[in-house]
Asker: 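A single structure is presented below for examination.
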Amino acid sequence: MNNMADQKHKPVPGVATTSWGVPFIYRMFFLLVEPISAAAGAYYAHFRKLDYLQLTHAASSPDAIPLVTNVVLSQLANLYLFFALNEALILRSTSDLRVWKRLIFCMLLADFGHLYSLRELGSEVYWDVANWNMMDWGNVFFVYLGASMRLAFLFNIGLGIKSRKVKRTA
């Protein structure tokens, strides 16, 4: 019996697949926890703009949101939503490990960019946990966690995949 449905689900020779072989912790984080968190960020950036600004940096937060800031926050919300949907839907739609790794690598670059964007708040924002508010926990700790998960995944930690060793010639 060689019908189209059977052919769709056959692995391609030479292509690593995830099937459900990706450990639960990665699936839980990349397919559920992080997309929900990014969707929450989108909600706050679009529907609770003043709260978003005050939680990011109360001292420089305006009393009334200027039009340009309003537009930029809605654009940011759109990017958070894109991030959430990309992760939740793309990773669910394929078992090709190459796609997972490429998307997760791009998200890791976004993590570094996100952390870099906080530099204007001072170096203590990266380490002064005692003074973190809800936004700092999301902007710093959760990004640290996401980047750590991505690095672990990209380095095959817990995936049961041996890293390729580069042979050197003399």
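Predicted model only: the values in this text are computed from it and were never measured.
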Asker: Say whether Met135 and Leu118 are linked into one hydrophobic cluster, either directly or through other cluster members, by side-chain heavy-atom distances under 4.5 angstrom.
Answerer: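 Different hydrophobic clusters.
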
Asker: Quick one: pull up NE2 in His46 and CG in Asn70 and give me the separation to the nearest 0.5 Å.
Answerer: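 One finds 8.0 Å between NE2 of His46 and CG of Asn70.
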
Asker: What's the shortest heavy-atom distance between Leu55 and Asn133, and which atoms?
Answerer: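 Where Leu55 meets Asn133 most closely, the heavy atoms are O-ND2, 2.8 Å.
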
Asker: Would Arg150 and Glu87 count as a salt bridge (Lys or Arg N to Asp or Glu O under 4.0 Å) here? Give the steps.
Answerer: CA-CA 12 Å; Arg150 282 185 253 295; Glu87 192 169 27; 3.8 Å; yes

Asker: Does Phe30 belong to the same Ile/Leu/Val/Met/Phe/Trp/Tyr cluster as Phe24, with side-chain heavy atoms less than 4.5 Å apart forming each link?
Answerer: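 Cluster IDs for Phe30 and Phe24 match.
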
Asker: Which atom pair, heavy atoms only, marks the closest approach of Leu97 to Phe153?
Answerer: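 That closest heavy-atom pairing would be CD1-CZ, 3.7 Å.
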
Asker: Nearest 0.5 Å please: distance from the CG atom of Leu145 over to the CG atom of Asp111.
Answerer: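 So the gap between those two atoms works out to 9.5 Å.
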
Asker: Applying side chain to side chain donor-acceptor pair (under 3.5 Å), name anything that partners Asp63, two or more places apart in sequence or on another chain.
Answerer: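 Result, side chain to side chain donor-acceptor pair (under 3.5 Å) vs Asp63: none returned.
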
Asker: To the closest 0.5 Å, what do you measure between CE (Met134) and CG (Asn139)?
Answerer: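 The distance works out to 10.5 Å.
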
Asker: Given the rule that I, L, V, M, F, W and Y join up when any side-chain heavy atoms are under 4.5 Å apart, are Phe141 and Val125 in one cluster?
Answerer: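 Phe141 and Val125: one cluster.
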
Asker: In this structure, would Leu81 and Phe83 fall into the same cluster of hydrophobic residues linked by side-chain contacts under 4.5 Å?
Answerer: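 Different hydrophobic clusters.
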
Asker: Under the rule for ring-ring contact (aromatic ring centres under 6.0 Å, His included), what residues qualify as partners of Phe29, not counting sequence neighbours?
Answerer: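 ring-ring contact (aromatic ring centres under 6.0 Å, His included) check on Phe29 returns Phe142.
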
Asker: Do the side chains of Met149 and Phe112 join up, straight or via other hydrophobic residues, at under 4.5 Å, putting them in one cluster?
Answerer: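 Result: yes, single cluster for both.
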
Asker: Has Thr94 got a side-chain atom pairing as donor or acceptor with Leu91's backbone, closer than 3.5 angstrom?
Answerer: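 Here the side-chain-to-backbone pair does not exist.
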
Asker: I'd like to know if the side chain of Ser148 and the backbone of Tyr144 have a donor-acceptor N/O pair within less than 3.5 Å.
Answerer: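 At least one qualifying donor-acceptor pair exists.
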
Asker: Answer yes or no: is there a donor N or O on one side and an acceptor on the other, between the side chain of Tyr126 and the main chain of Leu115, under 3.5 Å?
Answerer: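 Checked: pair present.
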
Asker: Determine, step by step, whether Phe155 and Leu151 satisfy the side chain to side chain contact (heavy atoms under 4.5 Å, CB included) criterion, reporting the C-alpha distance in whole Å, the side-chain angles of both residues, the deciding distance to 0.1 Å, and the verdict.
Answerer: CA-CA 6 Å; Phe155 283 108; Leu151 285 167; 4.0 Å; yes

Asker: Rounded to the nearest 0.5 Å, what separation is found between the CG atom of Asp136 and the OG1 atom of Thr56?
Answerer: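 One gets 8.0 Å once the value is rounded to the nearest 0.5 Å.
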
Asker: Give a yes/no verdict on a cation-pi contact between Lys49 and Tyr44, requiring under 6.0 Å between NZ or CZ and the six-membered ring centre and an angle within 45° of the axis.
Answerer: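 Judged by the rule (NZ or CZ under 6.0 Å from the ring centre, within 45° of its axis), Lys49 is not positioned above Tyr44.
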
Asker: Might you point out which heavy atoms bring Trp132 and Glu124 nearest each other, and give the distance in Å?
Answerer: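 Taking every non-hydrogen atom into account, NE1-O, 4.3 Å.
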
Asker: So, Trp127 side chain and Ser123 main chain: donor-acceptor pair closer than 3.5 Å or not?
Answerer: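 Yes, the answer is positive, given that a donor and an acceptor are paired below the 3.5 Å cut-off.
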
Asker: Please walk me through it: do Leu53 and Leu73 pass side chain to side chain contact (heavy atoms under 4.5 Å, CB included)?
Answerer: CA-CA 9 Å; Leu53 292 173; Leu73 284 171; 3.9 Å; yes

Asker: Kindly indicate whether the side chain of Tyr26, heavy atoms from C-beta on, has any atom under 4.5 Å from the side chain of Ile157.
Answerer: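 Yes - at least one pair of side-chain heavy atoms lies under 4.5 Å apart.
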
Asker: Please report the shortest heavy-atom distance between Ile90 and Ser93, naming the atom on each side.
Answerer: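 Smallest heavy-atom distance, with atoms named: O-OG, 2.8 Å.
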
Asker: Hey, does the side chain of Ser61 reach the backbone of Ala58 with a donor-acceptor pair shorter than 3.5 angstrom?
Answerer: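 Between the backbone of Ala58 and the side chain of Ser61 there is no qualifying donor-acceptor contact (under 3.5 Å).
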
Asker: Just wondering, are more than 12 heavy atoms of other shown residues or ligands nearer than 6.0 Å to CZ in Phe82?
Answerer: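 Check fails, neighbour count at 12 or below.
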
Asker: Using only atom types and a distance under 3.5 Å, with no angle test, would you say the side chain of Arg48 pairs donor to acceptor with the backbone of Tyr43?
Answerer: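 Flag not set: sc Arg48 to bb Tyr43 has no pair under 3.5 Å.
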
Asker: Is there a side chain to side chain contact (heavy atoms under 4.5 Å, CB included) between Leu103 and Met107 once you walk through the steps?
Answerer: CA-CA 6 Å; Leu103 179 63; Met107 296 175 73; 4.0 Å; yes

Asker: If you look at every heavy atom in Ala84 and Pro35, which pair is closest and at what distance?
Answerer: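 Looking at all heavy atoms of both residues, the shortest contact is CB-O, 3.4 Å.
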
Asker: Students often mix this up, so state it plainly: with edges at 30° and 60°, are the rings of His114 and Tyr80 parallel, tilted or perpendicular?
Answerer: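 His114 and Tyr80: tilted rings.
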
Asker: Tell me if a side-chain donor or acceptor on Trp100 pairs with a main-chain N or O of Ser95 at a distance below 3.5 Å.
Answerer: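 Pair absent, no side-chain N/O of Trp100 close to backbone of Ser95.
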
Asker: Can the positive tip of Arg119 be found less than 6.0 Å from the middle of the six-membered ring of Tyr116, inside 45° of the ring normal?
Answerer: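 Yes - Arg119 lies over the ring of Tyr116, closer than 6.0 Å to its centre and within 45° of its axis.
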
Asker: Might you work through the side chain to side chain contact (heavy atoms under 4.5 Å, CB included) test for Tyr52 and Leu76, ending with a clear yes or no?
Answerer: CA-CA 11 Å; Tyr52 192 92; Leu76 175 63; 3.3 Å; yes

Asker: On a heavy-atom basis, which atom in Leu159 and which in Pro23 lie closest, and how many Å separate them?
Answerer: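 Looks like CD2-CD, 3.5 Å.
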
